[in-house]
Every structure is written in structure tokens, then in C-alpha cells.
Amino acid sequence: MTHQVLARKWRPRDFESLVGQDHVVRALSHALETQRLHHAYLFTGTRGVGKTTIARILAKALNCETGVSARPCGRCAACVGIDAGRFVDCIELDAASNRGVDEMTQLLENAVYAPTAGRYKVYVIDEVHMLSAHAFNAMLKTLEEPPPHVVFVLATTDPQRVPVTVLSRCLQFNLKNMPPAAVAAHLATVLSAEGVDFDRGALDRLGRAAAGSMRDALSLLDQAIAFGGGEVREPAVREMLGVVDAAWLVRILDALVAGDGRALVGLADEMLGGNAPFERTLADLAALLQRIALAQVGAVGDADDPATLERLAAAIAPEDLQVWYQIVIHGARDLPLAPDAHAGFTMVLLRLLAFGPDHGDAAGAAPRPATGHAQGAARGPASAPAAARPPAGAPASAPGPAALRAAMSGRGSAPAPDNAARASASGDASKPVAVGSPPPVATGFDGDWPGLAARLQVGGFVQQFMHQSELVEADGLRFRVRVPIRPLAEPATVNRVREALGAHFGAPVRLDVEVGRVGEATAAAASARDRADRQAQARASIEADPFVRALIEDFDGAIVPGSVRPIERRDATSGDEE
């Protein structure tokens, strides 16, 4: 077999041809040029980033017949022998298959002898973390004080499993993953030298698929050349890698912007017919959303289709984009849990359509409609074109919740939602509510904010807001309140409070919130005063009871502090404790 795979043929032979590890090359070159050599080096990093390659280049630099330098000649017997793997004084050991103490003892016994053909004996131990504990212990002394002609070069993909006693005896260099752009540039150099025609887009895809490993990239390049019949073209590479056509991803986002759920389901079915890899589709969709986010801040870079990126960046609100990104990456994580990949992918698309961020602000403005934010009747028709939707950052035109939108459109006499709807609007979906006729809607505010907090059927943060807040000013249904802590003034909480108040009064409510010190005019303070009064009354009642007084006097007893509790009062209609 005369053909040599690209990963071996294009393995760097010197520091100048090494790609992506400039920080390691700089340190080793300075050490070699100034003769400040260490007796043990440890190279760490993921697969295919150059650990063994750097070890071999270092061995050539130490044993080159022209002298110790950062530029070995590559032509002498030592350099050629090390490149071919047959130099007697460069011993490469695979710790995965030679991990025992016997192999390590034999290696160390031979280390005391002078080099046979070179200047240094270089021991390259790959995957050193696979050595047994006894083998590590056997090499510690020699690793710390080896003979002057011995250099240890250790390599590992898992430095956490290397004992700290070994780490402390080595100079450690952490090799970085190759960035996709650097991988693609190196692949272009290789193909140009090999005389193979290629598309730049195909190399970009191979660079991303290599996940930082140059060896993996060269192996994929070999496969792509064979798959493409001697050429490297983007359609063939996309088919080989199982990459989803970018047009599908753009159609998904266009359907989301338009709120077209039927189109999304149809796209999922179409992709199933095209044998699309759904897990890879979600990964590519997340990558596209990330590039759109960069475009929204003016960092488009060298995009494949900058015009499409700019169009989507203008059509999707930044907050929607962030929510979609989170849904996509979590959907990819949960895809193995779905009944099948198609069903899981379809549900991710529908989840993208159904959920969006809360766009309201703490100052009381109505929530802005969000692209892709579907909440029942709150969103417009599913087929509404993207051009009809407000652009990102446009001012609000209607509140989100259906009940408030109906009230603001002039239907002030419309019946108020029932308890279940109000509980859902306020976020208290877990609180049981009575089923039956809805309670009468209040016609106005009576000025009693603590009383309103007690009457409002809410829970969670909304309940805490109402109980902890203090009314500063009220003008009709416009309220200015103060809360003691900032989390209660978060836009999401304020919006839910506003919705609950709007449902209670049957009309839109303006709610302005500020953070500061609250006084005693809160529902929480009133409740505390009521509990203190009832506690005092309970203790006074116990102390005045004739039977209790007789027990204290006859048996020299005393009432244990804190043991007296008032009887909890219960609501006469619902039976709930107050």
C-alpha cells in the first residue's frame, strides 16, 4: 500500500509547521535556545491536538546532530529516525497497554545507561494517566532526579487522574483545541498541496465537525475526498456529515416569526421524509441562533449568507432569540427521552412557538407583543405575515393577556374570568380554587391596600408582592407602590400583579413600582400586628383562667414562655385557616 493517510503525511515535523499551539511553541523554543531545559514535561489536551507530535519534535530538537536548538534540521540520522519511529534513544511507551509496575521498573532500570546514538534518552509516555498507582510510585524518584541524559515527556487527555506528586515534578503545558477557522485554513493548505479541488464552505463544515482536533479534521478530509470522488464540495460534505440544509433552518425561523404552527409541523414531517438527523438539526439551529444574536450586535463576521442573517436579526426580538436558544439546546439534550426523534423534534418546534419571555417593564407599561410568543388568544392569527408584526424594539400596541386586551378594547362590561383563570394569570396554578359562579368584580378601589391584598386570590411571588408592598399613591386604578426588596420589582412579577389586579377590578390597571423602605401600612405588618394581638389575648386569657391559676398556686407551677398559641380562626364559608 503506497498511499499514506493525510493525518500521518501532514503531521508537523518542526515547530514552524505546528498549528494552533503558539503558547507551547514559544515556551519550548525559548527554553531550547537558552539551554534552560527541564527534565520532565507534561502535555495535556484532548485527542488530536498535537501532544505526541510536540513530544517528537522536542526529541529531535534535543538529539539533532546540528546541536540542541528549536529548529532541528530534519535530515540527520537522529531526526529521520525519530520521524520514522525507529530511533533507539527515543522510547515511546503506551501507558494504556504498559501500565504495570513491572514495565515501569524495567524502563527505569534502563534509564541509568548512557544514550546509544543520541545526546539524550527521551522517554515519551502517552496516556500517562493509565499507569497504575504502583507504577506511579515506582517512577517518582527517578522522575524528580533523573540521570542528566534522560528527559521524560508525558502526555495525557485526563490530567485530573495524574497524581499531584507527578504533576509537581513536571513542566505542564495545556494544549488548546483548534479553532474551526484555523482548522479550515490548514485543510486548505493541505488540499492545495495535494492538488485537490475544494469549496471553502466544505472546509468550514469540516473544521466545525472536527471539534478542535486537527487529526480528526484530516481524517474527515480523507473521507471527504473519497466520498466526493477526488473533490471536496460542500453538498457532498454536508451529505457525508449528515448536516442539515441551512434552508430548512431558515424556514423554521420564518415560520416561528410568522407564528405558523401548521407550517412548523409540516416542516418536521418533511424533514422526516428527507431522513434529516434531528439531533444534528437542533445543534445547527442553536448555532444559527447564536450567529443571529451576533448579527444583532453588529458582529456578523464571515457568514455564509449575511443577508439572511441580517433579515432574521431584524425580524426576531433579542429577548425571543435568547429564549429560543435555551429551548433548542435543552430540547437537544432531552431528545433521547422522547418516544422517537421525530416526535421530540416536533415538540421542540411547538415549544418554541408556545413560549416567550415576559416583555413588560416594572414601570407599568403594557407588555409588548413578542415574536414567537404564543399564549392562547394572546397572539394573533397563526398565518399573520412577519411584516405585519412589530419589529424588535417597537413600542407596545396591546397588552398580552386576553382578558386585559378585551377590557382595553372597550368591553369593560365583559364578564370577569373565573377563579381558575385568575389563578392562571397570576401564576398560582397550584392553588385550589372553588368551581362555580365567578365572584362579582370590584367597581373601584376603596383605599385599603392591605385589605385588597387579603382579598386578592393569588399565590407565589404575586402574593408576596401584595403582602410586602406599601401603597404610596392611588389615583383611580393607577397605583404607585413601594416594595422592600428588588426581586419583588422584577418585570415578570410586576406584570403578573398587574394582570391579577386588572382581573379583580375588571379594567386595565397602571402599576408603578419603586424599591425602598416600607412602613407599617402593609398587609404583612397588619397580619403581624393581628398575630401579636391575638397572642397577647391568648396569654392573658390563660393567665386569667381560674383553673390555671389554681394549678400554679397549688403546685408552684409556671407557664412556659412561648407555649401559649391562639386558636386559629377559620373562614366560615371555605373552612380555610386565616
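Note that the numbering runs from 1 along the sequence shown for the chain.
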Check the pair Val68, Leu32 against side-chain contact (heavy atoms from CB on, under 4.5 Å), reporting the backbone distance first and the verdict last. CA-CA 7 Å; Val68 177; Leu32 289 165; 4.0 Å; yes
Rounded to the nearest 0.5 Å, what separation is found between the [atom1] atom of [X] and the [atom2] atom of [Y]?
X      : Y      : atom1 : atom2 : result
Leu218 : His186 : CG    : NE2   : 5.5 Å
Cys79  : Arg13  : SG    : CZ    : 11.5 Å
Leu220 : Leu6   : CG    : CG    : 11.0 Å
Thr52  : Ile57  : OG1   : CD1   : 11.0 Å
Thr142 : Leu107 : OG1   : CG    : 9.0 Å
Leu28  : Gln21  : CG    : CD    : 11.0 Å

Does the side chain of Glu127 pick up a donor-acceptor pair with the side chain of Thr156 at under 3.5 Å? no
Hey, are Trp324 and Glu319 close enough side-chain-wise for a donor-acceptor pair under 3.5 Å?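 No - no donor-acceptor pair under 3.5 Å links their side chains.
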Please state whether the rings of Tyr41 and His38 are parallel, tilted or perpendicular, taking 30° and 60° as the class boundaries. perpendicular
With a sphere of 6.0 Å drawn around CD of Glu231, does it hold more than 12 non-hydrogen atoms of other residues, nucleotides or ligands?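 Yes, because the 6.0 Å sphere around CD of Glu231 holds more than 12 heavy atoms from other groups.
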Counting heavy atoms not belonging to Gln106, are there more than 12 under 6.0 Å from its CD?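 Atom CD in Gln106 is not crowded, with 12 or fewer foreign heavy atoms closer than 6.0 Å.
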Given Ser213 and Asn177, is the side-chain hydrogen bond (donor to acceptor under 3.5 Å, both in side chains) satisfied, shown in steps? CA-CA 6 Å; Ser213 171; Asn177 283 358; over 6 Å; no
Answer yes when [X] and [Y] have at least one side-chain N-carboxylate O distance shorter than 4.0 Å, and no when they do not.
X      : Y      : value
Lys60  : Asp83  : yes
Glu65  : Arg119 : no
Glu145 : Lys141 : yes
Arg251 : Glu270 : yes
Lys9   : Asp222 : no
Arg233 : Asp199 : yes
Arg200 : Asp204 : yes
Arg280 : Asp284 : yes

Scanning both residues in full, the closest heavy-atom pair of Ala268 with Thr346 reads CB-OG1, 3.4 Å
Apply the test side-chain contact (heavy atoms from CB on, under 4.5 Å) to residues Leu221 and Leu206: give CA-CA distance (whole Å), side-chain angles for both, the deciding distance (0.1 Å), then the verdict. CA-CA 7 Å; Leu221 184 61; Leu206 290 174; 3.9 Å; yes
Using atom types as modelled and distance alone, determine if a side-chain donor or acceptor of His149 lies under 3.5 Å from a backbone N or O of Tyr113. yes
So does Asp14 get a backbone contact from the side chain of Ser17, meaning a donor-acceptor N/O pair under 3.5 Å?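 Yes; at least one donor-acceptor contact below 3.5 Å.
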Steps toward side-chain contact (heavy atoms from CB on, under 4.5 Å) verdict (Val328, Leu289): CA-CA 9 Å; Val328 168; Leu289 291 172; 4.0 Å; yes
Could you walk me through whether Trp10 and Glu194 pass the side-chain hydrogen bond (donor to acceptor under 3.5 Å, both in side chains) test, one step at a time? CA-CA 11 Å; Trp10 285 90; Glu194 294 286 330; 3.0 Å; yes
Evaluate side-chain contact (heavy atoms from CB on, under 4.5 Å) for Trp248 paired with Leu267, printing each intermediate quantity in order. CA-CA 8 Å; Trp248 268 341; Leu267 274 171; 4.2 Å; yes
As a quick check of understanding, evaluate salt bridge (Lys or Arg N to Asp or Glu O under 4.0 Å) for Glu490 and Arg486, giving each step before the final call. CA-CA 7 Å; Glu490 291 295 328; Arg486 186 161 299 278; over 6 Å; no
Quick one: do Asp102 and Thr105 satisfy side-chain hydrogen bond (donor to acceptor under 3.5 Å, both in side chains)? Show the steps, please. CA-CA 5 Å; Asp102 294 335; Thr105 302; 5.4 Å; no
Among residues two or more places apart or on two chains, list those pairs meeting side-chain hydrogen bond (donor to acceptor under 3.5 Å, both in side chains) that have a residue in residues 68-82. Glu16-Arg71
Quickly, which of Leu171, Val166, Asn174, Val128 forms a side-chain contact (heavy atoms from CB on, under 4.5 Å) with Leu42? Name it, please.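 Only one of Leu171, Val166, Asn174, Val128 forms a side-chain contact (heavy atoms from CB on, under 4.5 Å) with Leu42, namely Val128.
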